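Working notes, structure below.
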Amino acid sequence: MGNCFAPISPDSADSEDEPPSAAAAGPGRSTGRTSERQPRPSSSSARNPSQDRNRSHPSRRQSTSKRIRKHSRSSSLFSMGGPSLDALRNYATLSHPQSSLSPSKLLISNKTTLAIFDNYPKAKYHFLILPRYPFPPQSNPDSKNSILPLNALDDLKSLLLCDDREAREEVMRALYNTALEVEEMIKDEMLKTEGYEWKVDMGFHAIPSMKHIHLHVISDDRISPSLKTKKHHNSFRPDLGFFIPIMEVQRWLDDDSNIQERVAALSDAERLLNTPLTCHKCDEFITNIPKLKNHLEKHFVDERASALRYIARHGTQRSSDEDMF
DNA sequence: GTTCTAGAAC
DNA sequence: GTTCTAGAAC
């Protein structure tokens, strides 16, 4: 692992003044790893800062603006006497996130979205994609109009219930396009650090803990010191119903005749977090978290060995190594 | 969301 | 005795 965290610098991230890098493309895998991606320097990295944050270069920390320091104080949980549900919203409403947020917080931004490091990553790579507000930011600075009311961006439920079908699809498309870009950065980093790429999941929590809709982009290893409880693990199982893959949400939007039922199911999803602990890769029942951690490490080592063997033999990676086990 | 810790499980 | 979870507190 070693020196693998080098957050993308403000100068090298997508400029807010540039058009969204992939915003013109609609959802679809074909838009993911193509020339539409913005170039970035080879020193940039998508690795989470969790274990490496304290080792970041002092000059990087010192360059953090007063505004950021003020922001991070006010956004810390409970500093205001209770849980701040607004930490993400504070990010989403910044008019100049790139100058306001430190490179260890902000991965990339464009006109409509931000990609930030998850503060408590539940896997080796874990990012959050947020729609900016107003959505989209108005070119006329005097206009405060958003195509959506702010509360439509509270969470997945409120977006699904929003009357403006076109607007909610536009939000979803913007989130998805940025997620594809982030996925590609993650996979570049996987190649650099481990020599192969593994699966990345994208989805929403049915009942998020913080206000402002956010799309999780998380590698499927689920190996992280911050993954500490059964609920943490269950909350990212794509098969359980608490973590809603974005493709599923897209299907809901394509046929919105059952939206009320979908929303009811989201509201009832809390109980799913108490599902018995089983491995999300092989379904084996696991009695406790330390054993799950050992089990997942073993999956990771086995998958890597298998992928590297295949690459050595064929010169290229098999398309879906996660299906090999 | 995380941290803390009592008491259950081993 | 130690490890671990789960609920309360924050």
Side-chain angles (χ1 to χ4, degrees), chain A residues 48-54 68-94 101-102 104-107 114-131 133 150-151 153-159 175 201-219 222-238 240-244 266-280 284-298:
Chain A
N48 270 311
S50 56
Q51 296 89 2
D52 307 86
R53 182 175 284 138
N54 295 335
I68 299 305
R69 275 178 264 136
K70 186 179 171 194
H71 178 269
S72 61
R73 274 203 304 278
S74 66
S75 67
S76 84
L77 294 177
F78 312 110
S79 62
M80 309 292 272
S84 169
L85 301 174
D86 294 332
L88 298 181
R89 178 142 288 170
N90 290 343
Y91 296 159
T93 50
L94 290 170
L101 294 175
S102 97
S104 65
K105 274 218 166 19
L106 180 69
L107 181 69
L114 305 176
I116 62 171
F117 290 86
D118 190 296
N119 253 348
Y120 298 93
K122 303 301 188 293
K124 289 177 183 285
Y125 302 92
H126 187 180
F127 298 90
L128 306 179
I129 319 295
L130 326 178
Y133 184 85
L150 184 54
N151 64 12
L153 292 177
D154 282 352
D155 53 24
L156 179 59
K157 187 174 152 183
S158 56
L159 186 67
L175 293 176
D201 294 312
M202 299 175 184
F204 300 90
H205 277 164
I207 303 172
S209 55
M210 285 191 284
K211 197 186 274 186
H212 202 76
I213 186 169
H214 50 282
L215 172 63
H216 291 269
V217 178
I218 180 170
S219 57
R222 307 297 198 270
I223 294 172
S224 168
S226 296
L227 196 156
K228 295 176 176 174
T229 68
K230 179 170 78 173
K231 288 188 180 186
H232 288 160
H233 187 249
N234 280 339
S235 74
F236 287 101
R237 290 199 60 143
L240 211 58
F242 190 89
F243 181 87
I244 320 288
L266 290 181
S267 301
D268 189 42
E270 180 85 39
R271 62 192 170 76
L272 299 171
L273 298 178
N274 290 320
T275 305
L277 190 61
T278 60
C279 172
H280 66 289
E284 185 179 321
F285 176 73
I286 315 265
T287 51
N288 60 44
I289 292 292
K291 285 178 183 164
L292 175 73
K293 285 174 177 284
N294 287 337
H295 181 93
L296 293 179
E297 282 287 353
K298 190 169 183 307

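Not measured: the values here are computed from a predicted model. Worth knowing before you read on, the calculation uses all heavy atoms, side chains too, and leaves out hydrogens, waters and symmetry mates.
For the pair A/Tyr120 OH and B/dT3 P, the computed distance is 5 Å after rounding to whole Å. The nearest whole Å value for the distance from the CG atom in A/Leu273 to the P atom in C/dA6 is 12 Å. Look at CG on A/Leu292: it is 10 Å from P on C/dT5, rounded to the nearest Å. Residue A/Lys231 contributes atom NZ, which lies 15 Å from atom C1' of B/dT3 at whole-angstrom precision. With rounding to whole Å, A/Asn294 atom CG is found 9 Å from C/dC4 atom P.
Of the candidates B/dT3, C/dA6, B/dT2, C/dA6 carries the atom nearest the A/Lys230 side chain, counting heavy atoms from C-beta on.
For the side chain to side chain donor-acceptor pair (under 3.5 Å) with A/Asp201, the lone residue among A/Arg222, A/His280, A/Arg237 that qualifies is A/Arg222.
For C/dC4, neither phosphate oxygen OP1 nor OP2 lies less than 4.0 angstrom from any side-chain nitrogen or oxygen of A/Lys228.
Taking the ring centroids of A/Tyr120 and A/His232, they lie at or beyond the 6.0 Å cut-off.
Atom CG in A/Asn288 sits 8.0 Å away from atom CG in A/Leu277 (nearest 0.5 Å). Atom CG of A/Leu240 sits about 10.0 Å away from atom NE2 of A/His233, to the nearest 0.5 Å. To the nearest 0.5 angstrom, A/His214 atom NE2 is 11.0 Å from A/Leu175 atom CG. Between A/Ile213 atom CD1 and A/Ile129 atom CD1 the span is 12.0 Å, to the nearest 0.5 Å.
Looking at residues 284-291 of chain A, you'll see A/Asn288, A/Ile289, A/Pro290 sit with a heavy atom under 4.0 Å from some atom of DNA chain C.
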